[in-house]
Structure formats: structure tokens, C-alpha cells
Amino acid sequence: MKLICEKELCTGCGLCAARCPKHCISLVAEELGHLYPSVDQKKCIDCGLCQKACPSLHDTVCLYPSVAYAAWSKDEEDYRSSTSGGMASVLTHYFLANVGIVYGCTVIPGIEIKHIRIDNLKDAYKLKGSKYVQSSIVDVLSQIRQDVKDGTNVLFIGTPCQVTAVKRMYEEQPDNLFLVDLICHGVPSNKWLVDYIANTLKIKADKVSSIGFRLFEAYSLCVYNDDRLIYKSGNLWTHRYEDLYYNTFIDGFTYRDSCFNCHYAKPERVSDITIGDFWGLGNETDDNYIPKHPYGISCVLPLTEKGKRLISIVKDKLNIYERPVTEAINGNDQLRFPKKKNLRIKFFRRIHKYIGVDAAYKLCVCDKIVKYKIRKIIR
Ligand SMILES: Cc1cc2nc3c(=O)[nH]c(=O)nc-3n(C[C@H](O)[C@H](O)[C@H](O)COP(=O)(O)OP(=O)(O)OC[C@H]3O[C@@H](n4cnc5c(N)ncnc54)[C@H](O)[C@@H]3O)c2cc1C
Ligand code: SF4
Ligand code: SF4
Ligand code: SF4
């Protein structure tokens, strides 16, 4: 086996590596640090199991939401510390307190972004917050299979491509496996984040205990050393073009190639429940009856009967309001189409190898930077 799937479709989920009976697939960092499978030809027996597993080579059943909710957690502390309205957190708490275990994304000290297994409430905080970087799920795939086989109720929260990888481990989704996907516009690589923090911020990876990407309503990159904040970028919306990591992320310059061809950026969804930010709230019908929600609001789209049941169970932990499905979809680009690889991004991808990410990005958006600076002076 030379090529498992076309590079521009490979999401780096690692399911091929987890499935290979000869353990001859490793994920290797390529452009901008993104991981792609590499097959050790000497060990490969050409069994084809990797291609049979690969989510990018097969269609996955997706469902159109029949209802949409705007929601946020009634627990003030939980709400304040969540990225949107804390929907992921409410579901996580319900599972850990009552019925099972949760797999989600955390930052391991040393800047390793990966999915971990959580089986008790006191560790729920580890999953909180969006990490705007690709999380590795390779290590947890076999654990999930084992937990599901043992009859444990498992909640998996991740990007749609990760959810699809988990789903593809089964012919039919088991009753005790619950899947929640995030609305997702794309991911930079873990390696690029590590390089940025080391080379630009001059902070060694072993000094980093945690990283945050959203602080209440602000989009700020925060780096912590033992709970001490050692770097905080200005809010992206008031300090545009300052923090290179955040700006290249928000403009899509450092995404995986698969994100520009994302199979999952559409109204039909792969999971039991889709969650994200409710950006179009109030665009289609009056929302004046919804109380103030100063720290963001979750968009919640139940897809399956299982998803609907889960939401009805946790409803009393939420301020929750039904909204038109089209309002949710029309307000959020990633519920309609993938990020477009525009000319600026294409040019950046050609030149960053020669002049570096910083110079390449600034060159590609130089007109925007100048306009932004002039606007700031005038104001
Ligand atoms: C890379 C990325 C891109 C996103 N793009 C959009 C978008 O375009 N539009 C939109 O509406 N919403 C987007 N979101 C979702 C949004 O940022 C929130 O994660 C979501 O609304 C859940 O917030 P919450 O308050 O319910 O959860 P919180 O309580 O803050 O929990 C966050 C949950 O997300 C999971 N998670 C965090 N980081 C990752 C990661 N890197 N990979 C996989 N799972 C992760 C955690 O396991 C946790 O369960 C994106 C999220 C990520 C991680
Ligand atoms: S063909 Fe079989 S042995 Fe070869 S890489 Fe794929 S899964 Fe592994
Ligand atoms: S999409 Fe996943 S399974 Fe397919 S080749 Fe890429 S890493 Fe392997
Ligand atoms: S944009 Fe699509 S391919 Fe990229 S990380 Fe998100 S779900 Fe995966």
C-alpha cells in the first residue's frame, strides 16, 4: 500500500494506523506540521484494511437537523468558563455524574493536544474550552472500542472528521456510544503551535502547563505555566494582525488541506448532536424574549433520536430556546460549506517554505494590515 487516500482528503484521523494489523503505518509531519500516514513498505502485506477503514474513502450517513436550540448552562461558573454556552460541558457532567465516561480534547503539559478518557467528575475541567489546533485521537481509538465492548456508556466529543473516524469503527453505531460533533472551520497542526510558542514567543514547551484560546468573549491565545499566565495575545477582534498564530488560524492559512475540502461542512451532520456557536441568532425571528447571555451561546442541533433524548434529559441544566433550523444554518458558514482556499491562501502555501510563515502571511495580507492600521489611527 503506497497511498491510503488522496492527501487533500486525509484528515489525519489515524484510523488507518489503528487498524493496520502489521502496525506499519506511522503519522509523519509534513507541510505546516500536519500529520499524514506513511506506510513501511517492508512490513505491509497489502491487506487493504487501512483503505477499508479510511473515513475519507467512504460515505457516512449524515442527517439534517429537525430542530435547533440556542442554549447556555444554568451553572454560572460552568457557563463563564466554557467556549460558547457550555453545552459540551453540560453533557460531560451528565455522563460523568450519572451514566458513563467521556472522551474529549485536552492540553497535556508540554503542548500536546490530544483526546483523553475521563471517568470522573473532578477531571471534567480538563476538557473545557476549544483548542484551535488538531487534537490527536490515535491513542484513544482502541480504548473507545474496549469501553463500548464492555458495555460502558461512552460520550465522544470532537470535530466531525474525528466523530466519523470513531463511527467507522462499527458497521452500526452501538447503542452505548454517543457522538457529539463541533461545528468546525479547520485546524492548524500541533507542531505549528509548538514551533510558534518556541520560536516566536520564546517559551519552551516544557514550561507550558496549559493553553487557552478563548477567554470569555475574547479570542486570545493564553499560555500558562503552572496556572500562571505567561503570555496573552490581545483580543483578535480589537488587536487584529498582532498574534501570528491566531491570525493565520482565523484566516485559514494554516489549516490542513482536508479542511478546504471538508466533507462535513454542510447542514447534514454525522453525529447524534452537533454543537457550536449560535452566530445567526435573531436573524430570522425575534430573539428579544431570550435573556442576556454575556459569555456566548451554544447552537445545539440534535440529529438522532438518541441525541434528542439526551437533550431532553439535560434540559433542566440549561437555559434553552427553540429556534428555526435555517437560522442556525444560515448564520454559520461551516454548516453550509468548507473554508474556501482563496488566492491569498494559495499564494501563502507556495511561499511560506522559502520565507517563513510570518513574512509570508504579512506579505499575503499586507493591504489588509495597512488598511487596519490607517483605520486605527483615524479612530
Ligand atoms: C478547531 C475548532 C474549530 C471550530 N470552529 C467553529 C466554527 O467555525 N463555528 C462554530 O460555531 N463553532 C466552532 N467551533 C466550536 C466552538 O468553538 C466550541 O468548541 C463549541 O461551541 C463547544 O463549546 P461549549 O461551550 O459547548 O464547550 P466547552 O465546555 O468549552 O468544551 C469544548 C469541547 O470541545 C472539545 N474540543 C476542544 N478542542 C477540540 C479540538 N481541537 N478537537 C476536538 N475537540 C475539541 C472538548 O473536548 C470539549 O468537549 C470550533 C471548535 C474547534 C475545536
Ligand atoms: S495494506 Fe494492510 S498491512 Fe498494508 S498498511 Fe494497509 S492495513 Fe497495513
Ligand atoms: S483520513 Fe484517516 S484513515 Fe484515511 S488516510 Fe488519513 S489518517 Fe488514514
Ligand atoms: S474542517 Fe473538516 S476536515 Fe478540517 S478538522 Fe474540521 S471537520 Fe476535520
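Residue numbers count from 1 along this sequence. Note that ligands are numbered from 1 as they come in the structure, with each ligand's atoms numbered from 1 the same way.
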Heavy atoms only, cut-off 4.0 Å: how does Ile45 contact ligand 2, side chain, backbone, both, or neither?
both
Please say whether Thr159 places an N or O atom under 3.5 Å from an N or O atom belonging to ligand 1.
no
Taking N, O or S atoms only and a limit of 2.8 Å, check whether Cys262 reaches atom 2 (Fe) of ligand 4.
yes
Got an N, O or S from Cys259 under 2.8 Å of atom 4 (Fe) of ligand 4?
yes
Give the atom numbers and elements of ligand 1 that come within less than 4.0 Å of a heavy atom of His115.
43 (C), 44 (N)
Answer yes or no for Ser73: is there a heavy-atom contact with ligand 1 below 4.0 Å?
no
Which is it for Ile25 and ligand 2 at heavy atoms under 4.0 Å: side chain, backbone, both or neither?
side chain
Which one holds for Cys16 and ligand 2: side chain close, backbone close, both close, or neither close, with close meaning a heavy atom under 4.0 Å?
neither
Could you tell me whether Gly129 and ligand 1 have an N or O pair separated by under 3.5 Å?
yes
Does Phe278 reach ligand 1, in the sense of a heavy atom lying below 4.0 Å from it?
no
Closest protein heavy atom (residue, atom, distance) for atom 6 (C) of ligand 1
Ile183 O, 2.9 Å
Whether Arg256 engages the ring of Tyr36 as a cation-pi pair (distance to the six-membered ring centre under 6.0 angstrom, angle to the ring normal within 45°) should be assessed.
yes
Using the rule side chain to side chain contact (heavy atoms under 4.5 Å, CB included), only one of Leu15, Thr60, Thr11 pairs with Thr164; which is it?
Thr60
Ligand 1 versus Thr83, non-hydrogen atoms closer than 4.0 Å: side chain, backbone, both, neither?
both
